[in-house]
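Below: the structure, in structure tokens.
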Protein chains: 2
Amino acid sequence: MTPAASQGSPGGPLQGFTVIDLTRVLAGPYCTLLLADLGARVIKVEQPGLGDDARQIGPFVDGDSAYFMSVNRNKESIALDLKAPADRAVFEQLLATADVLVENFRPGTMEKLGYDWPALHARFPRLVFTSVSGFGQTGPYSRRPAYDMVVQAMGGIMSLTGHPGAPPTRVGVSIGDLGAGLYAAIGTQAALLQRGRTGLGDRVDVAMLDCQVALLENAISRMEADGRAPGPIGSRHPSITPFDVFRAADGWFVIAAGNDALFQRLCAALELPALPEDARFATNPERCRHHEALKQLLEQRLSAAPCAHWQALLMQHNIPTGGYNDVAAVVNDPQVQAREMLVQVRTQGGRPLTVAGNPVHVGAHRTQVARQPPRLDQDREAILAGLARQ
Amino acid sequence: MTPAASQGSPGGPLQGFTVIDLTRVLAGPYCTLLLADLGARVIKVEQPGLGDDARQIGPFVDGDSAYFMSVNRNKESIALDLKAPADRAVFEQLLATADVLVENFRPGTMEKLGYDWPALHARFPRLVFTSVSGFGQTGPYSRRPAYDMVVQAMGGIMSLTGHPGAPPTRVGVSIGDLGAGLYAAIGTQAALLQRGRTGLGDRVDVAMLDCQVALLENAISRMEADGRAPGPIGSRHPSITPFDVFRAADGWFVIAAGNDALFQRLCAALELPALPEDARFATNPERCRHHEALKQLLEQRLSAAPCAHWQALLMQHNIPTGGYNDVAAVVNDPQVQAREMLVQVRTQGGRPLTVAGNPVHVGAHRTQVARQPPRLDQDREAILAGLARQ
């Protein structure tokens with residue numbers, strides 16, 4: 001084990017890379033969490049006083065923010081006032097030792113601090129500078145404030161989510177933030193790989209709104225093909241049928257029969273031999289057109305037994321199926337546990353809290369909690385001592 | 001410009017990396033699209049005959065699958081039968097020139113083909129081998145079939161999405177597939193960065209179900225804090241209020257007042273001075289507890305004017321707000337256009353089709369369509385000629 005690892009590095013493919021992290025709340029911290037879990041050293045530079053705003057967002061466990069704890073393991077913390085000369089000097093020493101700077105201030109803030117890209121690139125030519133913002137560093141809305149809810153609504157994903165005629169429906173997780181964090185991690189790594197060729201850092205500019213557009217995927221081309229904007233369609237897939245959540249005697253479960261062969265196997269398993277013979281259901285485009293009629297016929301049959309019966313039967317016939325799980329069922333799922341997808345962090349008082357792990361499995365590397373979510377400024381001395389040794 | 005670029009490389013940070021791409025349908029192809037848009041050379045190795053199953057999935061434009069076209073720009077295509085010795089020899093020559101192999105077969109398939117990780121790693125020690133599967137290469141469900149719908153339901157995101165009491169609600173995009181594609185791109189790049197240090201490729205194992213768990217983010221810790229599994233809550237945020245979609249005289253729009261100061265500014269802007277004085281609304285935890293009463297009071301006021309009026313007013317007061325856009329509005333949005341987030345691909349008959357671009361902006365690089373979505377096997381001769389020159 002290297003000295004760095006014994007001091008609390010989770011190991012992993014990004015060992016040896018150092019990230020200076022000015023991010024707050026969720027989109028930026030999720031990006032740096034991904035990098036930290038994969039082994040990068042992440043130094044969280046927080047505002048003196050209250051630190052990352054997420055520290056004040058509930059719910060609270062044992063006095064600590066569960067929100068903050070869910071995305072800040074494996075990071076060190078130092079409090080620096082970027083308007084105070086002495087702290088700026090420390091910050092710049094950190095940048096000199098770093099590979100990446102990540103921030104998610106409103107565009108314009110880094111410029112005001114004197115840390116715009118031209119200045120940083122001139123002084124630290126190998127540094128990758130990643131910004132995550134609501135609307136991006138350019139364009140007419142660039143300086144507008146944004147949060148997850150704003151970009152989910154503006155980016156169209158909410159218009160596709162929910163049941164026809166129902167009020168607007170948010171995706172139940174902060175996909176506006178998490179999506180941006182994922183694309184920002186991709187951009188940061190791409191710039192590091194580019195640096196391997198060019199020797200130079202680059203500017204990565206990720207906008208939450210852009211990421212929502214990217215996640216629309218084929219909805220845009222579907223609109224062009226159909227000549228009208230798609231709307232919400234409940235629980236089914238827009239272009240594959242049957243691919244939906246179905247009601248059985250005791251609840252809901254999924255059948256995903258993605259092609260004609262699977263549909264035929266499904267009908268055989270359910271002892272519904274007439275269905276594949278029915279012209280309305282002969283091909284996937286026909287099934288999509290008659291999805292309501294098909295769902296009714298299938299649910300008529302499924303009402304005869306509970307979910308567990310049907311899922312076991314479909315699995316026997318190798319037809320994709322699955323439960324409609326709440327978070328408690330997810331946490332108890334044998335596959336989720338076998339994949340080590342849950343990890344425990346601890347509050348400052350020592351109480352354990354379960355959070356999601358990192359799904360990126362590289363070699364034997366799995367999510368380690370080498371460092372607990374940090375107290376504000378807890379690593380100041382070790383970080384300064386490290387700089388003095390440079 | 002390098003010769004490779006003049007032959008149709010989009011340029012970008014991943015120039016010089018070659019990806020052999022066995023993936024089909026969506027999760028894997030989305031991963032390789034991200035790499036291709038960033039400049040990697042992606043060679044799509046398809047099954048002779050029909051090729052990537054997505055080619056058969058509608059809607060169709062000008063006879064071509066809009067579904068396929070939305071995620072396969074900037075890729076070359078060669079048809080190879082991995083059970084035929086001559087084609088296997090070509091495939092192995094390709095691997096010898098490549099940095100990455102990506103596949104999303106059911107676990108076990110690559111082993112049956114003789115292309116398991118130990119065999120590949122022994123022969124091509126620098127090759128990164130990325131697998132995307134429903135449940136992962138390990139664990140009790142490993143060999144089960146999965147689709148987006150299955151992992152959305154099993155992974156818990158559907159249990160958080162929708163309105164209380166309503167039937168299950170799918171996230172309106174294939175977040176099960178797209179999420180896995182994003183994490184797989186991160187894992188692939190992390191392994192390439194690791195190779196820079198170790199000289200060796202590694203095995204990347206990304207499971208769609210794991211990725212859904214990772215996207216639950218703080219829902220797991222919320223459950224521990226609250227002692228019960230969270231359910232769907234419509235359009236509002238679980239732990240910030242007011243942070244929701246609100247009805248005005250002519251439709252819906254978003255108000256995201258993420259902290260006390262913003263809430264006070266909001267009430268001042270709306271001329272509702274009594275609200276911040278009301279004990280029920282004094283702090284964010286209190287507002288979360290009384291979210292229904294607050295929404296009612298706000299909507300009472302908002303019903304007096306249309307969305308555009310309120311959005312303009314809130315923007316004047318620097319309060320995060322935004323429209324509830326359908327896909328048509330997204331496509332026409334000035335910010336989306338300024339950010340170059342839409343690109344056009346062409347059907348084989350020449351008809352243009354608008355698709356989402358890549359939101360990862362590195363330096364001046366923007367999504368280029370250097371290559372149209374390929375016809376099956378269209379690049380065979382050029383690829384073979386390239387191999388002969390090695």
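Worth saying up front: this structure is predicted, and the values here are computed from it rather than measured. Quick note on labels: first sequence line is chain A, next is B, and so on, each numbered from 1.
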Relative to chain A, which segment of [X] carries a heavy atom at a distance below 4.5 Å: side chain, backbone, both, or neither?
| X | answer |
| --- | --- |
| B/P167 | both |
| B/R236 | backbone |
| B/T367 | neither |
| B/L38 | side chain |
| B/V206 | both |
| B/L34 | side chain |
| B/L342 | side chain |
| B/V171 | both |
| B/N318 | both |
| B/L200 | neither |
| B/L209 | side chain |
| B/M223 | side chain |
| B/L33 | neither |
| B/D62 | neither |

Between [X] and chain B, with a heavy-atom cut-off of 4.5 Å, which part of the residue counts as in contact: side chain, backbone, both or neither?
| X | result |
| --- | --- |
| A/F17 | side chain |
| A/D177 | neither |
| A/V327 | both |

* Is any side-chain heavy atom of B/H361 closer than 4.5 Å to a side-chain heavy atom of A/D210? -> yes

* To do: Check whether any side-chain heavy atom of B/T321 sits under 4.5 Å from a side-chain heavy atom of A/V150, and report yes or no.
  =>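 Side chain of B/T321 against side chain of A/V150, heavy atoms only: no contact under 4.5 Å found.
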
Who among [options] has the most heavy-atom pairs with chain B under 4.5 Å?
| options | answer |
| --- | --- |
| A/A184, A/P140, A/G231 | A/P140 |
| A/V360, A/T354, A/V71 | A/T354 |
| A/T198, A/L353, A/D53, A/T130 | A/L353 |
| A/D202, A/N284, A/V25 | A/D202 |
| A/D244, A/I233, A/V331, A/V336 | A/D244 |
| A/G363, A/C211, A/A153, A/A338 | A/A153 |

Do you know which two heavy atoms are closest between [X] and [Y], and how far apart they sit?
| X | Y | result |
| --- | --- | --- |
| B/H237 | A/S174 | NE2-OG, 4.0 Å |
| A/L178 | B/L215 | CD1-O, 3.3 Å |
| A/E224 | B/P352 | OE1-O, 3.9 Å |
| A/V355 | B/S221 | CG1-CB, 4.3 Å |
| A/A229 | B/D326 | CB-OD2, 3.7 Å |
| B/Y141 | A/P334 | OH-CD, 3.3 Å |

Taking [options] one by one, which has the highest count of heavy-atom pairs under 4.5 Å against chain A?
| options | value |
| --- | --- |
| B/A66, B/A166, B/G16 | B/A66 |
| B/V204, B/V173, B/L182, B/D148 | B/L182 |
| B/S239, B/C288, B/G234, B/A185 | B/G234 |
| B/A256, B/G323, B/G357 | B/G323 |
| B/A329, B/P238, B/G139 | B/G139 |
| B/R228, B/Q152, B/R106, B/Q337 | B/R106 |

Find the distance between [atom1] ([X]) and [atom2] ([Y]) and round it off to the nearest 0.5 Å.
| X | Y | atom1 | atom2 | value |
| --- | --- | --- | --- | --- |
| B/I157 | A/I175 | CD1 | CD1 | 6.0 Å |
| B/I240 | A/I57 | CD1 | CD1 | 4.5 Å |
| B/M341 | A/L216 | CE | CG | 8.5 Å |
| B/M149 | A/I255 | CE | CD1 | 11.0 Å |
| B/Q194 | A/Q15 | CD | CD | 7.5 Å |

Do side-chain atoms of [X] reach the backbone of [Y] as a donor and acceptor pair under 3.5 angstrom?
| X | Y | answer |
| --- | --- | --- |
| B/Q189 | A/Q189 | no |
| A/H163 | B/P168 | yes |
| B/R144 | A/M315 | no |
| B/N325 | A/M154 | yes |
| B/R170 | A/T161 | no |

* To do: Using the six-membered ring wherever Trp is involved, compare the ring planes of B/Y30 and A/Y183 and label them parallel, tilted or perpendicular (cut-offs 30° and 60°).
  => perpendicular

* To do: Among B/R339, B/E340, B/Q335, find the residue that satisfies the side-chain hydrogen bond (donor to acceptor under 3.5 Å, both in side chains) test when tested with A/T138.
  =>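 The passing option is B/R339.
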
